[in-house]
Amino acid sequence: MEKKKTIKQIIVFYVMSVSIMLGVLLTAVMIISSFVSTGSILLENLQMMAKTSAQNVSANLHLLTDRMANLSLEDALVEPGASGEAKQEVLDERESRIEFVWLAGYDLSGQKLYGDKEAPDSISEKKYYTYLTKTDNLVVDEPYYKNDIWQLCVAIPIKNGTETTSYLVGSYKYDLLNDVLSNIHIGVTGSSYIINEEGVIIADKDLESMQKHENVYELYNSGKNKEIFDNMINSQTGSESMNLHGVRHYVAYAPVPGTNWTLIIDAPCREFQNILFTSIFICAVIAVVLLVAARYLIIKMADSISDSLSLATGRLTALSEGNLKDEVVLAETNDEAEILTNALAKTISSMDGYINDIKSSLGFLSEGDYSKEVPDTFTGDFVAIREALSTITVSLNETMRRINRSSMAVNENSSEVSGYAKRLYDGSTEQAVALERLSSSIQRITAQIEHISANAAQVKKCAGGAEKKVDQGQKHMNFMLETMKDIYNNMQDIVTISQLIEEISSQTSLLALNASIEAARAGESGRGFAVVAQQIGVLADQTADALKQTGDIITLANASIDKGLKTAELTADSFQEINAATEEFTEISLSMAQVVADQKEAVSMVTKEVSKVLEIANLNQQLAKETDETAALSLSQAEELGELVAAVKLKEGESE
């Protein structure tokens with residue numbers, strides 16, 4: 001059998017389950033929100049950083065271009081008649097103040113006119129030369145590597161008025177641009193670089209990477225990346241999350257003002273997520289510690305609740321086992337447990353009072369005292385029990401009154417039957433004596449035939465007396481027969497009353513069964529009442545046993561009365577035969593004087609008839625004796641039934 005969980009276990013299980021689920025849910029929400037918010041914040045900050053860095057790059061480029069613009073306005077460079085030496089002198093002077101790698105002047109075809117030896121002889125094949133000729137304005141070339149130095153060229157037209165006469169080109173060290181990129185610190189492995197309008201990386205704080213001249217379209221080839229790179233080279237500002245070589249990166253980009261370049265800043269997501277993972281781990285550890293502490297507090301709280309409820313559950317268990325005497329230990333917790341124990345104490349007290357009242361009422365009934373009223377202390381649904389007990393008491397009172405009346409009638413009838421049987425017995429005895437005298441007379445007639453007339457007269461006299469006695473016995477027997485029939489009918493009434501009591505007992509048993517069913521429906525609180533219903537059933541069974549004993553007595557009395565009735569009928573038949581014989585005997589006595597010749601034959605016939613009548617008389621005497629004994633037994637049983645009814649104490653003030 002599976003062991004049931006305690007309230008403490010249930011509380012701890014569900015509260016911890018909810019706590020763990022909430023912890024997991026909140027942790028998941030925190031993780032998701034952290035990743036989302038971190039990504040959003042980082043992308044926004046990276047975008048601002050990229051925009052600021054692009055402006056810084058542009059500012060540094062403007063610094064270079066301003067220097068070149070100022071230099072291009074020197075008179076020695078602008079005047080057409082100025083000698084080459086003068087122009088070279090200006091360039092040398094400017095190089096001494098500004099860190100140029102080289103500085104030179106070129107004609108409109110791109111051939112060097114003057115300048116440093118390191119300067120190329122021709123710039124016609126340079127990319128920035130094409131821009132110079134197209135725009136006729138200042139141009140910044142892409143960084144390039146030469147003579148072990150990364151350089152950045154700035155070219156500007158030299159004009160005489162509005163007419164361009166030559167081009168001035170100066171090469172700066174890349175350091176000015178690299179300083180901006182190197183100062184961008186995004187994570188440990190984050191990078192920043194500049195691409196041109198074709199997507200080629202032209203500037204990077206990692207100088208070794210610059211030598212590769214990689215194209216971002218080829219380096220990070222994907223459809224989504226291509227869309228982002230298109231936005232970059234279209235001079236848009238933004239930030240995205242991109243997969244670069246299978247690694248998720250935060251990427252921000254901004255165009256460099258005054259150029260066709262785009263500054264890109266990227267950093268692997270994991271570098272920032274590591275901090276999140278660490279934070280999540282710390283939060284998880286804290287959550288576990290809090291859950292352990294919460295479990296301790298929950299167990300402590302559950303112990304308090306369980307201890308409070310155990311006071312009620314222990315008492316309810318004892319109540320289910322029929323214990324109504326022990327006191328209920330009240331919980332002083334100012335919560336539902338205190339209300340529960342108080343209600344339980346009140347319930348047990350009420351049930352104990354109800355059971356005592358029921359026990360008292362049933363005790364009076366079992367002792368035969370039907371005069372007691374059922375106490376009016378029942379409330380609520382328990383009022384039905386009082387009504388049922390009152391109904392049973394009223395029904396038993398009425399039944400016992402009917403039995404009392406019937407027993408009195410049976411007693412009277414049994415007394416009359418006993419008297420009639422006594423008289424019948426006495427008559428039968430007298431008849432036997434008379435017949436014996438008649439037999440002696442016949443013997444004397446046989447011995448003294450000469451005295452037959454006198455003896456015949458005596459026989460006639462005796463026959464007349466016998467006829468009267470037979471008539472009288474016939475009447476008494478008929479009366480006794482009618483009396484026995486009345487007794488039989490009364491016994492049938494007693495049987496009906498016994499059946500009525502048996503029906504009441506069956507109803508009581510049914511009431512007990514219904515009460516048991518209602519107690520079972522009531523659950524734990526009705527278990528005590530089930531015991532009451534069981535006691536009512538036991539009382540009903542005891543009543544049924546008493547009725548069975550009464551029924552056995554009634555059945556025996558009924559059989560005896562039936563037997564007496566049959567015996568009385570046989571006796572009546574015998575009396576009719578005696579009457580016929582007496583009449584025949586009288587006729588013989590009357591004709592005896594006339595038929596003296598036939599005296600011997602007649603005497604012989606009379607002797608036979610008298611012997612027969614004597615046997616019948618003896619039989620009647622025996623039957624009368626048995627009838628008397630049966631009547632005495634019936635009288636004894638009627639008196640016993642009367643004593644049984646008399647032992648019952650009924651209510652007063654009601655009709656008998």
Side-chain angles (χ1 to χ4, degrees), residues 54-55 57-74 77-80 82 87 90-91 94 100-116 118-146 150-174 176-177 193-203 210 213-217 229-237 253-264:
Q55 291 175 351
V57 171
S58 177
N60 287 347
L61 292 177
H62 276 294
L63 177 63
L64 299 180
T65 56
D66 287 345
R67 291 175 179 175
M68 291 296 295
N70 292 332
L71 180 60
S72 65
L73 296 177
E74 291 288 338
L77 299 179
V78 174
E79 293 178 359
K87 294 179 179 179
V90 171
L91 295 182
R94 188 58 57 89
F100 282 102
V101 177
W102 56 267
L103 190 63
Y106 293 88
D107 60 17
L108 296 180
S109 63
Q111 300 299 316
K112 184 168 69 171
L113 298 175
Y114 51 86
D116 295 335
E118 290 82 0
D121 294 333
S122 175
I123 60 171
S124 60
E125 295 180 356
K126 301 295 181 180
K127 188 175 182 180
Y128 60 86
Y129 175 76
T130 304
Y131 288 124
L132 275 174
T133 57
K134 287 182 179 181
T135 62
D136 195 28
N137 203 346
L138 188 145
V139 175
V140 179
D141 191 19
E142 297 174 1
Y144 67 97
Y145 187 75
K146 187 176 182 182
W150 278 98
Q151 305 176 35
L152 180 65
C153 290
V154 178
I156 187 172
I158 297 176
K159 295 184 178 183
N160 185 8
T162 58
E163 181 182 0
T164 301
T165 58
S166 62
Y167 299 111
L168 179 63
V169 180
S171 179
Y172 293 93
K173 291 183 179 180
Y174 173 71
L176 292 175
L177 185 59
Y193 46 90
I194 298 175
I195 62 173
N196 61 13
E197 69 275 12
E198 297 175 355
V200 177
I201 298 175
I202 60 174
M210 289 180 61
H213 293 284
E214 295 176 317
N215 191 297
V216 292
Y217 286 96
F229 292 140
D230 289 342
N231 294 333
M232 292 179 182
I233 64 177
N234 288 329
S235 300
Q236 295 185 16
T237 301
Y253 51 90
V256 178
T259 67
N260 293 328
W261 301 346
T262 299
L263 175 67
I264 299 175

> Partners of Asn215 by side-chain contact (heavy atoms from CB on, under 4.5 Å), sequence neighbours excluded?
Replying inline: Val200, Tyr217, Glu218
Is the backbone N or O of [Y] less than 3.5 Å from a side-chain atom of [X], with the two atoms forming a donor-acceptor pair by type?
{"X": "Thr164", "Y": "Ser166", "answer": "no"}
{"X": "Asn160", "Y": "Glu163", "answer": "no"}
{"X": "Asp116", "Y": "Leu103", "answer": "yes"}
{"X": "Asn234", "Y": "Gln236", "answer": "no"}
{"X": "Ser58", "Y": "Ala54", "answer": "no"}

>> Does Ile202 form a side-chain contact (heavy atoms from CB on, under 4.5 Å) with Ile195? I'd like the steps, not just the answer.
In response: CA-CA 5 Å; Ile202 60 174; Ile195 62 173; 5.9 Å; no
Looking at [X] and [Y], what are the two nearest heavy atoms and their distance?
{"X": "Ser124", "Y": "Ser109", "result": "CB-O, 3.6 Å"}
{"X": "Phe100", "Y": "Arg94", "result": "CE1-CG, 4.0 Å"}
{"X": "Ala155", "Y": "Val169", "result": "CB-CG2, 3.7 Å"}
{"X": "Tyr106", "Y": "Ala104", "result": "CE1-CB, 3.8 Å"}
{"X": "Ile156", "Y": "Ala69", "result": "CD1-CA, 3.5 Å"}

[X] side, atom [atom1]; [Y] side, atom [atom2] - distance, nearest 0.5 Å:
{"X": "Thr165", "Y": "Asp107", "atom1": "OG1", "atom2": "CG", "answer": "10.5 Å"}
{"X": "Leu64", "Y": "Ser171", "atom1": "CG", "atom2": "OG", "answer": "10.0 Å"}
{"X": "Ile158", "Y": "Leu71", "atom1": "CD1", "atom2": "CG", "answer": "7.5 Å"}
{"X": "Tyr193", "Y": "Thr262", "atom1": "OH", "atom2": "OG1", "answer": "11.0 Å"}
{"X": "His213", "Y": "Ile201", "atom1": "NE2", "atom2": "CD1", "answer": "10.5 Å"}
{"X": "Asn231", "Y": "Ile233", "atom1": "CG", "atom2": "CD1", "answer": "9.0 Å"}

Within the structure provided, determine whether [X] and [Y] are in side-chain contact (heavy-atom separation under 4.5 Å).
{"X": "Tyr174", "Y": "Met210", "value": "yes"}
{"X": "Tyr172", "Y": "Cys153", "value": "no"}
{"X": "Tyr114", "Y": "Leu91", "value": "yes"}
{"X": "Asn196", "Y": "Asn260", "value": "no"}
{"X": "Tyr167", "Y": "Tyr129", "value": "yes"}

Side-chain ion pair, [X] and [Y], N-O less than 4.0 Å:
{"X": "Asp136", "Y": "Lys159", "value": "yes"}
{"X": "Glu74", "Y": "Lys87", "value": "no"}
{"X": "Glu197", "Y": "Lys127", "value": "yes"}

> Does the pair Leu61 and Trp261 meet the rule for a side-chain contact (heavy atoms from CB on, under 4.5 Å), with working shown?
Replying inline: CA-CA 12 Å; Leu61 292 177; Trp261 301 346; 3.8 Å; yes
>> Can you classify the ring geometry of Tyr145 versus Trp150 as parallel (below 30°), tilted (30 to 60°) or perpendicular (above 60°)?
In response: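 Rings of Tyr145 and Trp150: tilted, as their planes differ by 30° to 60°.
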> Could you go step by step and tell me if Tyr128 and Ile123 meet the side-chain contact (heavy atoms from CB on, under 4.5 Å) rule?
Replying inline: CA-CA 8 Å; Tyr128 60 86; Ile123 60 171; 3.2 Å; yes
> Under the side-chain contact (heavy atoms from CB on, under 4.5 Å) criterion, do Lys146 and Gln151 qualify, and how do the steps go?
Replying inline: CA-CA 7 Å; Lys146 187 176 182 182; Gln151 305 176 35; 3.8 Å; yes
